[in-house]
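Chain identifiers are assigned alphabetically (A, B, ...) following the order of the sequence lines, protein sequences preceding nucleic acid strands; residue numbering begins at 1 within each chain.
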Amino acid sequence: MDYLAGLNEPQRKAVEHIDGPLMIIAGAGSGKTRVLTYRTAHLIEKGVDPFAILLLTFTNKAAGEMRHRIETVIGNAAKNIWMGTFHSIFAKILRFEGTRLGYTSNFSIYDTDDSKSLIRALIKEKNLDDKVYKVNLVLNRISNAKNRLIGPAQYTGSSILAEEDRLARIPAMGELYQLYCARCFAANAMDFDDLLFQTNILFRDHLDVLNKYQHKFKHVMVDEFQDTNVSQYLITKKLSAVNRNICVVGDDAQSIYAFRGADIQNILNFERDYSDLVTIKLEENYRSTKAIVAVANSIISRNKNQLKKDVFTSNEDGDDIEIIRASSDNEEGRMIASAIFEAAQKENLTWSDFAILYRTNAQSRSFEEALRRLNIKYRIIGGVSFYQRKEIKDVLGYLRFTVNQNDEEAFKRIINLPKRGIGDTTIAKIVVTAAENNVPIWDVVSNISQFQAARGSAGIEAFSDLIKSFKLMVEVEQKDAYEVANHVAKASGLLRELYEDKTVEGLARYQNLQELLNAIKSFVDNPENEDKSLATFLQSVSLLTNADADEDPADRDKVTLMTIHSAKGLEFNRVFLVGLEEDLFPSQMMLQSQQDLEEERRLFYVAVTRAEKKLQISYAESRYQFGRLKACEPSRFLNELDPNFVKMAKPAGARKEVSSFRPVQKTGFTAKPAPSAAQLIQKPTTNTNYQHVVSANFQATDALALAAGQKVEHAKFGFGLIKRIEVNGAERKAVIDFEKGVGEKTLLLSFAKLMIVT
DNA sequence: GGTCGTATATTTTTT
DNA sequence: ATATACGACC
């Protein structure tokens, strides 16, 4: 019990409160995780069975870390606590209980891409105008409905919603919703929202199941409670209705997921649902300096919709918050990068002490470039994660279809991959045939001759034989996930296809695939995983968030770049909050669609409170957007900072633009790893002759731009004159002579769109 | 059915 | 700037 000694009064009270509903309002940096950890440990020490504790966190990573910390306090018993995200915990429960709802235990989980693809197909099948029925809009409406527990039947029955959709000129919305659900169900698939929605249905319609879990979980705890939606809230409420031991932890000031259905009212109105609720406020900030806390308070005090709170700190005063003005996004990048470089040297900090936080993922580019230039190591959290990459999703598609042959989206992805001569028309026909005859897709595929004339059916038969052999491995031979995946990668031909692709991207994709196989291997080898089946692996994979990505600890000393959303729950010695421009932050989109400046302000608050020692905020006066330079205004949020703790950074000395013209000497370098990225094959060069041979597949406009005598220039990086250009149409090759040396950068930018053929 | 070339729209945040 | 959609053509 000695760990109680290190806690302050409210923290200790929270830890020691065992029976009855408890709400902990935890200000930023107030030791929330610590309280949650100790409280759980305390429960177990008081004799609560770890299996009877349900702890819901926001990311899998948070759960993992918490488990680790509890383990150091109470040891091995921590392994048995039910801990994870809402999505992963209830996916697990649905595996067991889903049969009650007509799903089998190996149901697929559709990610957002799958959902969108299905909606796109439905819009097409119904002959609706996809300019009016935008996929994102439709998906949003469906998602919102599910999060508010409005099923398709209720949706179509609601005159209010029908009126809304009529006014929005999307009267077929209800029908689409219905079809979407029917198709997901036929595919034995649930989307992200279904994992919560169907859990609610399960608990509503099957009281014996609800009862079982109500008695199983003696204590229910919810972390980041401010970001739960109605669907999640109802699940926890139902689960804790018997024992009434519900403990929620959160900070209304940090509620930043309204766009995903999170309802700040859950926390603001929590008292209404529990008359005997005990509320404890943690208001002492242990993380940040006085200056940072003061500025954060000055920001959040402008919001009306919040619980009263008085966050304070007894930490040192600290440096003032610095505002950095840059002329462009590229200059912003350079200024921040050199600020990091200098600070690291002068103050003996490591790269991992720094974080750059931005509003949108697209902003990372200028920082990446500038950091690379200074040889500063960095890592980017978010963006396109490993499991989103095409080659990975392709293999996962095969694996998904092997486990669940009704999975329509997996089917569409892999049926013609590698090419089997099966086109979109055939695929659509199969899908529609299955839907119309109300039979699983697999029935059509495996009996293709009954449904379709001979044309194209050879390829389909080959495909169905392939899948049958995979099925055999899983269902009869009971092979584990790795054995199956390894075989599938080879037998499908995907591995070979990538192996034969000798371009740099091809190589990277091949390596990614190998890495996926390694990940599966380590899943199988991990003694903590009792169930090594493919189905279980797939489930764990589809619920990974981008905060969960593995990082090799040996390689950790890097500057972190990420969106403010992904920074939730983290802290850094130094924080650079960048891109403080009106319309970007606060985001124009957000203000238009949700009319919610307060949520943006909370996001600002979250960003500011990530900093421990020093906070620097920057904005640019111009920024590239859609390839064009746009003028920008400083954000209104800059005026909301307490002026007593803010200073302008001294203007950086006049800076000469870089315009080096280094001759290219390397053989074969690559452009950014964009899909259209190019590899340059360079012929041996002499000192004066910069000839490059490019095998390319380019648009006519590009060829024009590259015509002989044209200047090739890019922004500030320099230019070169093309002396001669030969474009051999048949071979799709261009030979280009440069009059003089051009910078490597210029070459890359000029050729980035050229795609390699050979 | 597949490939190529051009026109068009697109960007907020994420389980 | 780039991803997608569409029409022309093989």
Side-chain angles (χ1 to χ4, degrees), chain A residues 56-62 84-91 109-112 115-116 120 124 130-131 134-136 140 143 146-147 190-196 224 227-229 231-232 256-262 357-363 365 381-383 385 388 416 419-427 455-456 459 542-548 562-568 579 583-594 596 599-600 602-603 606-607 623-629 671-672 674-677 697-703 714 729 732 749 752-753 755 757:
Chain A
L56 296 160
T57 58
F58 199 72
T59 62
N60 293 305
K61 193 179 176 190
T85 63
F86 273 91
H87 292 265
S88 64
I89 292 283
F90 295 108
I109 297 174
Y110 275 2
D111 66 15
T112 310
S115 298
K116 282 184 186 169
R120 209 169 284 131
K124 210 165 208 172
D130 58 4
K131 301 268 190 311
K134 305 232 177 176
V135 177
N136 282 325
N140 262 330
S143 175
K146 279 190 189 161
N147 285 332
M190 297 200 203
D191 65 15
F192 286 137
D193 301 317
D194 274 332
L195 296 175
L196 308 173
E224 307 280 10
D227 287 317
T228 53
N229 60 35
S231 183
Q232 291 167 320
I256 54 173
Y257 279 95
F259 69 91
R260 212 172 76 188
L357 307 184
Y358 35 75
R359 178 70 234 273
T360 68
N361 279 309
Q363 286 166 256
R365 197 214 80 239
I381 311 279
S385 76
Q388 306 261 37
N416 198 28
K419 299 223 182 322
R420 294 186 182 85
I422 302 162
D424 292 346
T425 329
T426 313
I427 297 172
R455 196 159 117 82
S542 41
L543 293 174
L544 284 181
T545 79
N546 66 10
D548 298 329
M562 61 185 154
T563 62
I564 302 166
H565 282 90
S566 359
K568 189 167 80 157
D583 292 348
L584 181 62
F585 192 20
S587 146
Q588 190 184 26
M589 278 287 178
M590 182 64 143
L591 298 189
Q592 262 171 18
S593 61
Q594 324 247 343
D596 199 355
E599 168 130 338
E600 289 288 285
R602 288 193 291 269
L603 195 57
V606 168
R623 179 174 294 281
Y624 278 96
Q625 199 185 12
F626 299 132
R628 295 250 154 251
L629 205 57
K672 291 191 300 179
S676 62
N697 169 8
F698 46 79
Q699 299 195 347
T701 45
D702 297 318
H714 186 275
R732 314 202 67 75
L749 290 165
K753 12 180 132 116
M755 280 168 79
V757 164

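Once rounded to the nearest 0.5 Å, the distance linking OH of A:Y358 with CG of A:L584 reads 12.5 Å.
Proximity of A:S566 to the phosphate of B:dT14: a side-chain N or O atom is located under 4.0 Å from OP1 or OP2. Regarding contacts with the backbone of B:dT15, every side-chain N or O of A:N229 stays at 4.0 angstrom or more from both OP1 and OP2. OP1 or OP2 of B:dT13 has at least one side-chain nitrogen or oxygen of A:N361 nearer than 4.0 Å.
For the pair A:K116 NZ and B:dT11 P, the interatomic distance rounds to 7 Å; values are reported in whole Å. In this structure, the CG atom of A:L584 is 10 Å from the P atom of B:dT13, given to the nearest Å. Between the OH atom of A:Y358 and the P atom of B:dT12 there is a distance of 16 Å, rounded to whole Å. Atoms CZ (A:R602) and C1' (B:dT12) sit 15 Å apart, rounded to a whole Å. The interatomic distance linking A:M562 (CE) with B:dT14 (P) rounds to 11 Å, in whole Å. In this structure, NZ of A:K124 is placed 13 Å from P of C:dT4, rounded to the nearest angstrom. Per the geometry, CZ belonging to A:F58 stands 7 Å off P belonging to B:dT15, to the nearest Å. Between the CG atom of A:N140 and the C1' atom of B:dT15 there is a distance of 14 Å, given to the nearest Å.
Remark: ring of A:F259 stacked against base of B:dT13; centroid gap under 5.5 Å, plane tilt under 30°.
Under a 4.0 Å N-O distance rule, the pair A:K568/A:D227 qualifies as a salt bridge.
If you find the closest nucleotide of DNA chain B to A:E600 and to A:N416, the one lying nearer the 5' end belongs to A:N416. Residues A:L543 and A:N136 both approach DNA chain B. Their nearest nucleotides, taken by heavy-atom distance, put A:N136 toward the 5′ side.
Side-chain proximity of A:T85 to the nucleotides B:dT15, B:dT12, C:dA5 is greatest for B:dT15.
A:K134 comes within contact range of the sugar-phosphate backbone alone, with a heavy-atom separation under 4.0 Å but no base atom that close. Using a 4.0 Å heavy-atom distance criterion, A:F86 is classed as making no nucleic acid contact. Using a 4.0 Å heavy-atom criterion, one finds that A:S88 contacts no nucleic acid atom at all.
Checked by atom type, the side-chain pair A:T112/A:S115 shows no donor-acceptor distance below 3.5 Å. At a cut-off of 3.5 Å, with distance as the only test, a side-chain donor of A:S143 or A:D193 sits close to an acceptor on the other residue.
Counting heavy atoms from C-beta on, the side chains of A:L56 and A:I89 come closer than 4.5 Å.
Rounded to whole Å, the P atom of B:dT13 lies 16 Å from the corresponding atom of C:dT4.
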